Amino acid sequence: MTTTKLARAAIAALIGAAFTGSAHAEIKNYEFQLAQPTIKTGADRIVTVRLVDKTSGKAIPDAVIFASRLDMAPDGMQEMVTKVTPMPGTEPGTYRFKANFSMAGRWQLSLGAKVQGETGTVENKLVVTAEK
């Protein structure tokens, strides 16, 4: 193989690797973020989160949320659990949940999701503060 052919092959390999690497992020590069860290106590309160790619800051739409739990673990009361009901998002990459925040304090929203085209699971625990 001549030097020119070798150089072309190396360039082609680098270009191919660049395109392959940019097609998908690693699952660890995704995270849920709270739209608002505080909420009023009461029934039927809506918590909004965004799923983002941490490397680009872009919101990720159409993830499949398969696990959600809301409890008061941050205040040492993990047995204080409330039902979480998924609601339609208002914009791409946002996910909303309706829940009963029966008392003031810190509530932990635990989420698990699958991102299309990625292997693995995005798992986050977010702390929402309920105030009177």
Side-chain angles (χ1 to χ4, degrees):
M1 194 181 262
T2 66
T3 306
T4 305
K5 286 183 181 178
L6 185 59
R8 285 184 188 161
I11 290 171
L14 288 172
I15 290 171
F19 281 118
T20 303
S22 66
H24 296 291
E26 291 186 38
I27 201 71
K28 68 180 181 180
N29 291 337
Y30 297 100
E31 73 176 359
F32 284 101
Q33 299 173 345
L34 287 169
Q36 291 185 294
T38 60
I39 195 163
K40 293 283 186 188
T41 57
D44 297 332
R45 300 295 183 199
I46 303 294
V47 176
T48 303
V49 298
R50 286 180 4 120
L51 179 59
V52 297
D53 179 338
K54 294 186 290 186
T55 58
S56 68
K58 292 183 182 178
I60 306 299
D62 304 322
V64 177
I65 311 288
F66 66 87
S68 58
R69 176 183 165 95
L70 187 62
D71 61 42
M72 291 194 76
D75 285 345
M77 296 183 279
Q78 46 275 38
E79 67 282 349
M80 182 73 161
V81 179
T82 191
K83 181 180 175 184
V84 179
T85 305
M87 305 292 290
T90 55
E91 53 190 73
T94 64
Y95 302 86
R96 296 171 16 143
F97 304 93
K98 180 170 60 171
N100 178 13
F101 289 85
S102 57
M103 64 185 292
R106 294 177 300 156
W107 292 79
Q108 179 173 276
L109 177 61
S110 302
L111 297 171
K114 294 286 186 183
V115 175
Q116 291 184 10
E118 299 293 346
T119 55
T121 302
V122 177
E123 296 181 87
N124 287 126
K125 296 179 187 295
L126 307 170
V127 177
V128 180
T129 302
E131 298 175 340
K132 291 184 181 189

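Owing to the predicted nature of the structure, the values given are computational and were not obtained by experimental measurement. Values below: every heavy atom of this structure, side chains too, minus hydrogens, waters and symmetry copies. Residues: numbered from 1 along the sequence shown.
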Between [X] and [Y] (side chain of the first, backbone of the second, donor and acceptor by atom type, cut-off under 3.5 Å), is there such a pair?
X	Y	value
Arg96	Pro88	yes
Tyr95	Ala63	yes
Lys114	Gly120	yes
Thr121	Gly112	no
Arg50	Ala35	no

Got [X] and [Y] here, is their nearest side-chain heavy-atom distance under 4.5 Å?
X	Y	answer
Ile27	Thr119	no
Lys125	Pro74	no
Leu70	Phe97	no
Glu31	Val52	yes

Q) Applying salt bridge (Lys or Arg N to Asp or Glu O under 4.0 Å), which residue pairs with at least one partner in residues 62-84 are found, sequence neighbours left out? A)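 Qualifying pairs, neighbours excluded: Arg69-Asp71, Asp75-Arg106.
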Once you round to the nearest 0.5 Å, how far does [atom1] of [X] lie from [atom2] of [Y]?
X	Y	atom1	atom2	answer
Thr55	Tyr30	OG1	OH	7.5 Å
Thr41	Asn100	OG1	CG	9.5 Å
Asp44	Thr85	CG	OG1	8.0 Å
Ile65	Leu51	CD1	CG	6.5 Å
Gln78	Ser110	CD	OG	11.0 Å

Out of curiosity, does [Y] fall in the hydrophobic cluster containing [X] (side-chain heavy atoms, cut-off under 4.5 Å, transitive links)?
X	Y	result
Val128	Met77	yes
Leu109	Met103	yes
Val81	Val127	no

Q.
Using a 6.0 Å cut-off, check whether atom CD of Gln33 has over 12 heavy atoms from anything other than its own residue.
A.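 Counting other residues, nucleotides and ligands, CD of Gln33 exceeds 12 neighbours.
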Q: Indicate the atoms forming the closest heavy-atom contact of Leu111 with Leu126, along with that distance.
A: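 Taking every non-hydrogen atom into account, CD1-CD1, 4.4 Å.
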Q. Which pair of non-hydrogen atoms, one from Met72 and one from Ala104, has the smallest distance, and what is that distance?
A.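 Between these two residues, the closest heavy atoms are CE-O, 3.7 Å.
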Q: Could you list the residues that satisfy salt bridge (charged side-chain N to carboxylate O under 4.0 Å, His left out) with Lys28, not counting sequence neighbours?
A: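 Scan of Lys28 (salt bridge (charged side-chain N to carboxylate O under 4.0 Å, His left out), adjacent residues dropped) gives Glu26.
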Q) Can you list the residues that meet the ring-ring contact (aromatic ring centres under 6.0 Å, His included) rule with Phe101, with sequence neighbours excluded? A)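 ring-ring contact (aromatic ring centres under 6.0 Å, His included) check on Phe101 returns Trp107.
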